[in-house]
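Here's the structure we're looking at; comments come further down.
For the numbers below, each heavy atom of this structure counts, side chains included, while hydrogens, waters and symmetry mates do not. Counting starts at 1 for both ligands and their atoms, in listed order.
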Amino acid sequence: MEGVFQMKKKVFAIVLCMIMVMITGCGKSDMMVLTPNGDAVIQSDGTSQNTASESKSDDTKQEEAKEEKKEEKKEETKSDSSSSGKIHVGFAQVGSESGWRLAQTQSMKETFTEANGYQLDFVDCNNDQKTQIDALSKFVQDKVDYIILDPIVEDGYDDVLKEAKNANIPVIVVDRNISADASLYTCWIGSDFEKEGEQAGKWLEKYLKEQKKDSEDINILTILGSDGASAAIGRTDGFEAIAKKHDNWKLLDKKTGDFTKDGGNAVMKTFLKKYDDIDVLVCQNDDEAFGAVEAIKEAGKTCGPDGDITVISFDATGDGFKAMIAGDINVDVECNPLEGSLVGETIQKLNAGEKVDAIQYTKEEVFPAEKAEEILPSRAY
Ligand code: GYE
């Protein structure tokens with residue numbers, strides 16, 4: 001009985017083996033063999049493997065083939081953009097929180113056009129650092145030629161900058177600063193935020209003197225920009241450095257309005273509830289100032305050159321000028337968003353193998369309300 005059973009088992013195994021050879025499509029060099037215990041195996045290149053591991057290795061092979069195809073595709077895409085002569089640029093933008101930001105985005109998009117020889121991958125990171133870091137990693141994977149980073153905050157980019165450096169992709173930091181070591185990026189192009197803050201303070205010194213209020217107690221409130229953003233940090237440091245020189249300047253409070261109109265409005269509402277006597281309000285961008293002015297008016301108070309609260313703003317956008325002309329804002333410290341052409345020139349130089357300056361500042365001025373009407377027609381943003 002044992003013998004007949006073993007015989008049947010062997011015949012069954014051989015038939016099964018033949019079917020499997022047909023299904024798996026083994027090459028001619030593959031051999032079907034029976035193991036002493038009657039299991040069917042396919043032996044190729046003199047190596048015995050059981051059927052399970054053979055099909056597993058087929059899966060692995062398929063996966064590997066897929067990966068190879070993906071790699072080929074990536075190479076094709078890269079050579080597509082280089083063979084067509086286009087410079088592939090990835091730009092990780094902060095978000096779209098303000099009028100200034102929209103002007104800067106437009107300036108970049110106008111520079112990095114197909115007609116100018118670029119392929120631009122633009123990512124609006126919606127003020128979220130994780131989204132921004134993921135966008136940067138993706139640029140590295142996509143093997144772009146250059147990365148432009150407008151950092152949402154100062155810290156936390158070291159690892160992704162190392163990824164770009166290892167992939168030999170130059171990184172140009174624009175607008176806001178980062179704390180990472182300078183060896184991790186090629187150059188930085190933007191504004192001197194501390195100087196902007198100082199200029200705001202110096203304007204106030206002069207204004208209070210003209211108003212003969214330079215020996216009165218002056219109550220000052222600040223609506224800060226986004227937490228951790230170098231534009232907010234620099235403007236605060238610069239203004240406070242001047243404030244420290246004046247014992248009569250009382251810095252009552254500061255709170256973030258996140259560089260938005262709604263943020264400015266909400267913070268001002270809380271300030272108005274808390275403080276009765278406000279002399280000066282510093283808003284770290286125009287959008288915050290627009291929201292704050294609305295809150296001041298709603299509360300039945302006045303602001304601007306003929307009002308109770310002196311309003312200092314930053315950016316000097318077209319709408320900022322209009323608010324000065326309307327009598328709502330006293331002074332606007334310029335922050336130039338038209339960085340596209342400077343960034344474009346820098347990339348062209350790098351592409352030609354030329355050296356570029358590690359730090360490049362944009363030119364900026366201070367615009368008091370009394371000059372707004374005359375200057376507005378000549379403004380580009
Ligand atoms: O002042 C503000 C924007 O980083 C300089 O960000 C920029 C600031 C600008 O949202 O309006």
Is Phe367 linked to Ile325 within one hydrophobic cluster, defined over Ile, Leu, Val, Met, Phe, Trp and Tyr using a side-chain heavy-atom separation of less than 4.5 Å? yes

Can you find a pair of side-chain heavy atoms, one from His88 and one from Ile169, that are under 4.5 Å apart? no

Kindly print each ligand 1 N/O atom paired with any protein N/O atom under 3.5 angstrom away, one pair per line, or none if nothing qualifies.
from	atom 1	to	atom 2	distance (Å)
ligand 1	1 (O)	Arg235	NH1	2.9
ligand 1	1 (O)	Arg235	NH2	3.2
ligand 1	1 (O)	Asp315	OD1	2.6
ligand 1	4 (O)	Arg101	NH2	3.2
ligand 1	4 (O)	Asp175	OD1	3.0
ligand 1	4 (O)	Asp175	OD2	2.9
ligand 1	4 (O)	Arg176	NE	2.8
ligand 1	6 (O)	Arg101	NH2	3.1
ligand 1	6 (O)	Arg176	NH2	2.9
ligand 1	10 (O)	Glu97	OE2	2.4
ligand 1	10 (O)	Ser98	OG	2.9
ligand 1	11 (O)	Ser98	OG	3.0
ligand 1	11 (O)	Asn285	ND2	2.8
ligand 1	11 (O)	Asp315	OD2	2.7

Non-hydrogen atoms of Phe259 and Ala229 that approach each other most closely: CE1-CB, 4.2 Å

Quick one: which residue pairs count as a side chain to side chain donor-acceptor pair (under 3.5 Å) with a foot in residues 342-359, not counting sequence neighbours? Tyr118-Gln348, Tyr146-Asn351, Thr346-Gln360

Do Val267 and Ile220 sit in the same hydrophobic cluster, where Ile, Leu, Val, Met, Phe, Trp and Tyr count as joined when their side-chain heavy atoms come under 4.5 Å apart? no

Please determine whether side chain to side chain donor-acceptor pair (under 3.5 Å) holds for the pair Thr302 and Asp308, giving the CA-CA distance in whole Å, both sets of side-chain angles, and the decisive distance to 0.1 Å. CA-CA 5 Å; Thr302 58; Asp308 297 329; 3.2 Å; yes

